[in-house]
Amino acid sequence: MSPARAQVESIATVTPVLSPVGLWRTAAASAGSVAGANTLTLRINSGAIQDIPFLTDNRLNSFPSPVSVTTEWTLGAVASTVDLVGYFPSASAALSGPAYDIASSRVSGRMITGTAITFTPFDGRAVGGVGTPGATLHLFRQPILAQVNGMGTRTDDLELQLDLRGVPKLPSGTYRGTLTLRAVAY
């Protein structure tokens with residue numbers, strides 16, 4: 001066992017993206033019609049800080065608990081989709097330590113209620129203009145029909161793994177990174 005630590009922190013500390021529906025909200029609010037406003041919110045219920053106290057070299061290392069995420073929306077007829085996207089700021093350094101960076105392709109996520117139903121690396125392209133090329137994972141797509149589910153909510157669990165198979169023994173230290181989650185409506 002390596003004395004190295006891995007930590008993914010500050011998950012979803014940024015405001016969820018609302019595009020282009022966000023423009024509607026401004027228009028509806030300025031017209032004085034709050035009821036016609038469109039909203040999209042993302043809340044981390046638990047697991048915002050993930051920590052693996054001891055990594056095992058040349059193995060898959062699972063983070064101890066899932067990240068519980070609730071997405072809530074009130075959308076008009078123009079929005080037809082809500083996507084949840086997870087991404088790291090860099091494909092080459094999802095987690096950085098004192099002398100080594102761990103690529104985003106070494107971190108995998110699984111959301112069995114979403115599109116990534118098996119562990120899938122964060123190595124994809126941006127979705128709906130959100131994400132970092134080569135460091136993104138599309139987590140779910142929720143079709144929206146205004147008359148049916150224009151107002152809704154869903155709660156999903158994101159499980160995370162760190163794949164150290166084939167990686168040289170990590171230098172001792174703490175490895176940190178930030179995974180951003182964003183909901184997008186369009």
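Quantities reported herein were computed from a predicted structural model and do not represent experimental measurements.
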| field | Verdict with supporting geometry, Leu40 and Val184, side-chain contact (heavy atoms from CB on, under 4.5 Å) | value | CA-CA 8 Å; Leu40 178 62; Val184 186; 5.6 Å; no
| task | Give the C-alpha distance, both sets of side-chain angles, the deciding distance and a yes or no for side-chain contact (heavy atoms from CB on, under 4.5 Å) between Asn58 and Val167. | result | CA-CA 6 Å; Asn58 208 26; Val167 173; over 6 Å; no
| task | Decide yes or no on salt bridge (charged side-chain N to carboxylate O under 4.0 Å, His left out) for Asp57 and Arg59, but give the supporting numbers first. | result | CA-CA 6 Å; Asp57 291 321; Arg59 292 274 175 102; over 6 Å; no
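Across all their heavy atoms, Ala91 and Pro133 have their closest contact at CB-O, 4.1 Å. Of all non-hydrogen atoms in Phe54 and Asn61, the two that sit nearest each other are O-OD1, 4.3 Å. The two atoms that bring Tyr100 and Pro171 nearest to each other are CB-CD, 3.9 Å, heavy atoms only. Taking all atoms of both residues into account, the shortest heavy-atom contact from Gln161 to Phe63 is N-CD1, 3.9 Å. The two residues Glu159 and Pro66 have their closest heavy-atom pair at CG-CB, 4.1 Å. Of all non-hydrogen atoms in Leu181 and Leu42, the two that sit nearest each other are O-CD2, 3.4 Å.
Contact annotation: the side chain of Leu160 never approaches that of Phe119 to less than 4.5 Å [non-hydrogen atoms, C-beta and beyond]. Looking at Ile44 and Val67, their side chains come closer than 4.5 Å, going by heavy atoms from C-beta outward. Inter-residue side-chain proximity for Val85 and Leu139 is flagged as unmet; no heavy-atom pair is nearer than 4.5 Å. For the pair Leu75 and Val82, the minimum side-chain heavy-atom distance is below 4.5 Å.
In this structure a side-chain-to-backbone donor-acceptor pair under 3.5 Å is present from Ser90 to Ser92. A donor-acceptor pair is defined here as one N or O able to donate and one able to accept, closer than 3.5 Å; such a pair exists between the side chain of Ser104 and the backbone of Phe122. Distance alone, capped at 3.5 Å, is enough to place a donor-acceptor pair between the Trp73 side chain and the Asn149 backbone. Under a 3.5 Å cut-off, the side chain of Ser105 and the backbone N or O of Pro121 do not form any donor-acceptor pair. For Thr136 (side chain) and Thr132 (main-chain N/O), a donor-acceptor pair under 3.5 Å exists by modelled atom type. Of the possible donor and acceptor atoms, none in the side chain of Asp101 sits under 3.5 Å from a partner among the backbone N and O of Ser96.
No option in Asp83, Thr81, Thr115 other than Asp83 meets the side-chain hydrogen bond (donor to acceptor under 3.5 Å, both in side chains) test with Arg141. With respect to Val107, the side chain to side chain contact (heavy atoms under 4.5 Å, CB included) criterion is satisfied by exactly one of Leu179, Leu162, Asp123: Leu162.
A cation-pi contact links Arg154 to Phe140, judged by a cut-off of 6.0 Å to the six-membered ring centre and 45° from its axis.
Remark: Leu60 CG to Ser108 OG distance equals 7.5 Å, nearest 0.5 Å. Annotation: the span from Thr155 atom OG1 to Asn45 atom CG amounts to 5.5 Å, rounded to 0.5 Å. The structure places CG of Asp157 at 7.0 Å from OG1 of Thr113, a figure rounded to the nearest 0.5 Å. Atom OG1 of Thr120 sits about 5.5 Å away from atom CG of Leu137, to the nearest 0.5 Å. Distance check: Leu158 CG to Ser65 OG gives 10.5 Å after rounding to the nearest 0.5 Å. Ile102 CD1 to Leu170 CG: the interatomic distance, rounded to the nearest 0.5 Å, is 5.0 Å.
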